[in-house]
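Take a look at the structure below.
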Amino acid sequence: MVTIDEEFDMVIKLVLIGDTGVGKSNLLSRYTRDEFNSESKTTIGVDFATRTIQIGKKKMKTQIWDTAGQERYRAMTNAYYRGAAGALIVFDICSLNSFDSIGRWLQEIREYGDPGVPIVLVGNKFDLKHLRQVPISTAELFAHENSLKYIETSALLNSNVESAFQFLITEII
Ligand code: GTP
Ligand code: MG
């Protein structure tokens with residue numbers, strides 16, 4: 001959903017999805033507050049944060065929603081996806097399990113989200129590449145087959161976090 005706000009040229013709602021522990025909340029805190037928490041707690045319900053960005057002459061507010069990867073802590077799926085202009089599906093490059101769940105997350109957003117909503121696939125924890133379980137080529141192939149863009153990030157090192165959101169925003173506007 002792209003809405004008009006008096007103060008902003010545009011307000012864009014983005015959603016973060018992916019299994020528990022992949023780093024969604026830390027990507028959010030890194031992007032909106034430049035913070036990382038090595039002992040962050042699992043999200044319960046829904047959280048969100050905003051960040052104002054300037055693109056050309058346009059001032060935009062990105063409103064980013066973050067929910068629990070754990071089924072039992074998730075809030076109403078309908079409301080979460082309603083009006084989302086884009087989504088980041090996050091997995092952990094050190095967890096094959098989290099990669100195997102991507103199909104399920106895709107199905108969910110296609111069921112509850114607006115048709116054709118832009119999605120970027122994010123392989124997080126790039127700093128732990130010595131523990132990598134998901135080869136880049138595998139992730140890239142999957143992304144290609146599903147018409148998604150793929151990017152690897154590290155919320156810990158603040159690497160590519162900005163680019164991941166930027167990637168998504170440029171797909172939207
Ligand atoms: P849920 O809220 O349960 O769905 O999990 P989440 O996806 O929000 O994960 P969260 O951001 O809470 O991170 C889980 C753990 O991974 C925490 O201990 C983080 O510190 C750690 N973590 C997050 N991002 C990174 C990263 O880029 N590198 C490393 N090494 N650890 C990370
Ligand atoms: Mg979380």
Side-chain angles (χ1 to χ4, degrees), residues 12-51 62-84 86-113 117-140 142-143 146 148-169:
I12 299 178
K13 173 179 173 180
L14 308 178
V15 294
L16 282 160
I17 49 179
D19 278 7
T20 183
V22 298
K24 298 179 298 297
S25 298
N26 276 279
L27 287 167
L28 177 67
S29 63
R30 182 59 91 186
Y31 182 67
T32 57
R33 303 190 297 276
D34 198 13
E35 283 174 18
F36 179 81
N37 183 353
S38 56
E39 283 154 26
S40 66
K41 293 207 170 68
T42 193
T43 304
I44 295 177
V46 182
D47 189 13
F48 80 90
T50 62
R51 176 167 153 186
T62 51
Q63 183 188 74
I64 304 145
W65 294 46
D66 173 29
T67 190
Q70 286 186 65
E71 195 76 49
R72 63 186 161 145
Y73 293 140
R74 301 189 68 206
M76 321 72 44
T77 314
N78 268 318
Y80 190 70
Y81 288 107
R82 191 175 306 128
L88 293 175
I89 302 185
V90 186
F91 70 94
D92 171 354
I93 65 157
C94 310
S95 159
L96 203 51
N97 258 338
S98 70
F99 181 74
D100 289 340
S101 297
I102 300 298
R104 197 171 52 79
W105 290 110
L106 266 176
Q107 219 176 347
E108 188 173 286
I109 190 157
R110 289 190 173 139
E111 184 176 345
Y112 294 100
V117 60
I119 301 166
V120 171
L121 182 63
V122 178
N124 189 40
K125 307 199 187 180
F126 176 67
D127 55 285
L128 299 177
K129 51 183 182 296
H130 51 291
L131 300 174
R132 180 191 285 278
Q133 286 187 355
V134 183
I136 296 185
S137 55
T138 306
E140 278 178 345
F142 181 90
N146 290 278
L148 315 173
K149 281 199 172 171
Y150 180 58
I151 188 167
E152 296 199 338
T153 57
S154 168
L156 172 69
L157 301 177
N158 194 8
S159 139
N160 267 352
V161 177
E162 195 74 30
S163 305
F165 283 95
Q166 198 65 50
F167 243 36
L168 183 58
I169 292 162

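Whatever order the structure lists ligands and atoms in, that order sets their numbers, starting from 1.
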* Under 3.5 Å, N or O to N or O, is Gly69 touching ligand 1 that way? -> yes
* Which is closest to atom 14 (C) of ligand 1 in terms of heavy atoms, Gly18, Gly21, Ser154, Ser38? -> Gly21
* Structure fact -> Per-atom filter on ligand 1: closer than 4.0 angstrom to a heavy atom of Thr43 are 1 (P), 2 (O), 3 (O)
* What protein heavy atom sits nearest atom 24 (N) of ligand 1, and how far off is it? -> Asn124 ND2, 3.2 Å
* **Shortest protein heavy-atom distance from atom 12 (O) of ligand 1, along with the residue and atom involved** => Ser40 OG, 2.7 Å
* Asked: Between Asp66 and Lys24, is a salt bridge (Lys or Arg N to Asp or Glu O under 4.0 Å) present by the stated rule, with each step listed?
  -> CA-CA 7 Å; Asp66 173 29; Lys24 298 179 298 297; 5.4 Å; no
* Nearest 0.5 Å please: distance from the OG1 atom of Thr43 over to the CD atom of Gln70. => 9.5 Å
* Return yes when at least one N/O/S atom of Asn26 is nearer than 2.8 Å to the Mg ion (ligand 2), and no when none is. => no
* Asked: Any side-chain heavy atom of Glu39 sitting closer than 4.5 Å to one from Asn37?
  -> yes
* Asked: What's the spacing between Ile44 CD1 and Tyr73 OH if we round to 0.5 Å?
  -> 5.0 Å
* Atom of Ala87, atom of Ile109 and distance for their closest heavy-atom approach -> CB-CD1, 3.2 Å
* Asked: Tell me, which protein residue and heavy-atom name are nearest atom 27 (O) of ligand 1, and how many Å apart are they?
  -> Ala155 N, 2.9 Å
* Thr42: numbered ligand 1 atoms lying under 4.0 Å from its heavy atoms -> 1 (P), 2 (O), 3 (O)
* Asked: Can a donor-acceptor pair be found between the side chains of Ser40 and Ser25 at a distance below 3.5 Å?
  -> no
* What protein heavy atom is closest to atom 16 (O) of ligand 1, reported as residue, atom name and distance in Å? -> Lys125 NZ, 3.0 Å
* For the residue pair Trp65 and Tyr80, categorise the inter-ring angle as parallel (less than 30°), tilted (30 to 60°) or perpendicular (more than 60°). => perpendicular
* Asked: Closest approach of Glu152 and Asn160, non-hydrogen atoms and distance?
  -> O-ND2, 2.9 Å
* To do: Check each of Asp66, Asn37, Leu128 against atom 20 (O) of ligand 1 and report the one with the nearest heavy atom.
  => Asn37
* Please state which protein non-hydrogen atom is closest to atom 11 (O) of ligand 1 and give its distance, to 0.1 Å? -> Asn26 ND2, 2.8 Å
* To do: Could you find the nearest protein heavy atom to atom 30 (N) of ligand 1 and give me its residue, atom name and distance?
  => Asp127 OD2, 2.8 Å
* Any donor-acceptor N or O pair under 3.5 Å, side chains Ser98, Asp19 -> no
* Asked: Of the protein's non-hydrogen atoms, which lies at the shortest distance from atom 6 (P) of ligand 1, and what is that distance?
  -> Lys24 N, 3.5 Å
* Under 4.0 angstrom from ligand 1, any heavy atom of Tyr73? -> no
* To do: State whether the shortest distance between N or O atoms of Ala68 and N or O atoms of ligand 1 falls below 3.5 angstrom.
  => no
* Asked: Can you tell me if Thr43 has an N, O or S atom under 2.8 Å away from the Mg ion (ligand 2)?
  -> yes
* Asked: Under the 3.5 angstrom rule, does the side chain of Lys13 hit a backbone N or O of Arg82 as a donor-acceptor pair?
  -> yes
* Under 3.5 Å: N/O of Gly23 near N/O of ligand 1 -> yes
* Is a side-chain donor-acceptor pair under 3.5 Å present for Tyr81 with Glu108? -> yes
